[in-house]
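Some notes on the structure that comes next.
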Amino acid sequence: MKLSPSAFQLYAITAPAADLTDQVRAAIAGGITMLQIREKNCTTQRLIQLAYPIVSICRNAGIPCIINDDVEAARVLGADGVHVGQRDMKLKKAREILGEDAVLGTSAHSVEEAIRAEQEGADYIGCGAVFPTGTKSDTSHLSFDTLCAIRKAVSIPVIAIGGINTQNLPQIYGSGINGIAVVSAIFGEPDVQQAARTLRQMTEAFQEMECTQ
């Protein structure tokens, strides 16, 4: 399943919640274009149980569904792919397990990491943190200039991640990226559907702008 760059326009990443399935339905109704199921400190068996209905919802809605880190869970669930960090399972190994049609993503914090990720078979790159974020404590700031440089250095889709919300999103217009990945800006909002709808409208600008650097 190879995706067009527009599939990465609004990439929603889940946060643990008792009503996660309902939240995902609301996010899809609001216009997300891709979903990543992210559950840290969760066994593979538990992740499969939790993610199974969500993967089905995404499939029925035509929304690509990615599993964070856990390649075995992605395989069992029949998810569309997996996102692995620079220190997690190598992309080549993930490709061997999931096959050529799987969507493989990874993170990059520099031009060098981005080029290496593409060479190793990544289908897309998440770059950040572009703004301060409370979701991950081990991230450093990625400047607008570096984001632009990464976009110019690789041919695969590039998405920005880290602390993005409706207030600061316009600051990365003109970077040439294909979209954004968000957690709290959707799943941390009281009205998930409306939050997704607003961000989707704002990310339409990415389809019209090239890198200005």
Side-chain angles (χ1 to χ4, degrees), residues 1-13 31-36 38 64 66 68-69 80-95 98 100-133 135-136 138-183 185-186 199-213:
M1 182 183 188
K2 297 307 177 183
L3 305 173
S4 70
S6 62
F8 299 89
Q9 183 176 332
L10 183 53
Y11 185 125
I13 302 175
I32 65 169
T33 57
M34 187 178 295
L35 182 79
Q36 180 189 130
R38 183 176 185 267
I66 306 296
N68 180 265
D69 287 348
D80 296 301
V82 68
H83 185 96
V84 293
Q86 288 282 340
R87 296 185 298 273
D88 299 324
M89 178 181 286
K90 295 295 184 181
L91 287 162
K92 183 179 179 181
K93 183 65 174 178
R95 180 68 71 196
L98 297 178
E100 290 301 316
D101 291 336
V103 178
L104 302 186
T106 192
S107 304
H109 309 91
S110 67
V111 171
E112 294 75 20
E113 287 185 355
I115 292 173
R116 183 168 64 248
E118 182 173 29
Q119 291 172 341
E120 292 178 353
D123 294 305
Y124 74 89
I125 302 170
C127 299
V130 293
F131 300 111
T133 174
T135 304
K136 297 186 72 174
D138 59 346
T139 57
S140 56
H141 176 253
L142 187 83
S143 70
F144 181 87
D145 288 346
T146 301
L147 189 61
C148 287
I150 290 172
R151 172 63 285 171
K152 289 180 176 180
V154 298
S155 60
I156 56 179
V158 173
I159 57 177
I161 187 171
I164 299 169
N165 55 45
T166 55
Q167 284 72 45
N168 58 31
L169 175 56
Q171 295 178 37
I172 54 175
Y173 285 168
S175 60
I177 60 173
N178 300 98
I180 58 171
V182 296
V183 183
I186 290 180
L199 284 170
R200 175 64 183 271
Q201 292 169 347
M202 294 182 71
T203 58
E204 293 295 335
F206 291 132
Q207 310 307 311
E208 305 166 4
M209 294 184 180
E210 299 294 331
C211 183
T212 57
Q213 295 295 308

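Heavy-atom basis, side chains included; hydrogens, waters and symmetry copies ignored. For this chain, numbers begin at 1 and follow the sequence in order.
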>> Any non-hydrogen side-chain atom of Q119 less than 4.5 Å from a side-chain atom of I115?
In response: yes
> Does I150 reach the side chain of V111, with side-chain heavy atoms less than 4.5 Å apart?
Replying inline: yes
> How far apart are the C-alpha atoms of V130 and I180, what are their side-chain angles, what is the distance that settles it, and do they pass the side chain to side chain contact (heavy atoms under 4.5 Å, CB included) test?
Replying inline: CA-CA 10 Å; V130 293; I180 58 171; over 6 Å; no
> How close do Q171 and F131 get, heavy atom to heavy atom, and via which atoms?
Replying inline: OE1-CE2, 3.4 Å
> For the residue pair T33 and Y11, what are the closest heavy atoms and their distance?
Replying inline: OG1-N, 4.3 Å
> Are L3 and P64 close enough that some pair of their side-chain heavy atoms sits under 4.5 Å apart?
Replying inline: yes
>> Using side chain to side chain contact (heavy atoms under 4.5 Å, CB included), reason through V183 and T133 one step at a time and then give a plain yes or no.
In response: CA-CA 10 Å; V183 183; T133 174; over 6 Å; no
> At what distance, to the nearest 0.5 angstrom, does CD of E120 lie from NZ of K93?
Replying inline: 15.0 Å
> Is there a side-chain contact between I161 and I13 (heavy atoms, below 4.5 Å)?
Replying inline: yes
> How close do L147 and V158 get, heavy atom to heavy atom, and via which atoms?
Replying inline: CD1-CG1, 4.4 Å
> Okay, side chain of N168, backbone of G163: is any donor-acceptor separation there less than 3.5 Å?
Replying inline: yes
>> Do V84 and L104 have side chains that approach each other closer than 4.5 Å (heavy atoms only, starting at C-beta)?
In response: no
>> What's the separation between atom CD1 in I177 and atom CZ in R151, rounded to the nearest 0.5 Å?
In response: 9.5 Å
> Looking only at heavy atoms, what is the nearest atom pair of T106 and A122, with distance?
Replying inline: CG2-CB, 4.1 Å
> About how many Å separate CD1 of I159 and CE of M34, when rounded to the nearest 0.5 Å?
Replying inline: 7.5 Å
>> I'd like to check the side chain to side chain donor-acceptor pair (under 3.5 Å) partners of D69; sequence neighbours left out, ordered by chain and number.
In response: K40
> Taking all non-hydrogen atoms of both residues, which atom of S110 and which atom of T146 are closest, and how far apart?
Replying inline: CA-CG2, 4.5 Å
> Which heavy atom of L199 sits nearest a heavy atom of T166, and at what distance?
Replying inline: CD2-CG2, 3.9 Å
> Side chains of S107 and H83: donor-acceptor distance under 3.5 Å anywhere?
Replying inline: yes
> Looking at side-chain heavy atoms only, is the closest gap between E118 and S155 below 4.5 Å?
Replying inline: yes
> With the threshold set at 4.0 Å, does a side-chain nitrogen-carboxylate oxygen contact exist between R200 and E204?
Replying inline: yes
>> side chain to side chain contact (heavy atoms under 4.5 Å, CB included), that's the test. Do L169 and T203 meet it? Break it down for me.
In response: CA-CA 8 Å; L169 175 56; T203 58; 4.2 Å; yes
> With a 4.5 Å heavy-atom cut-off, do L10 and I186 have their side chains touching?
Replying inline: yes
> Side chain of D145, backbone of C148: donor and acceptor closer than 3.5 Å?
Replying inline: no
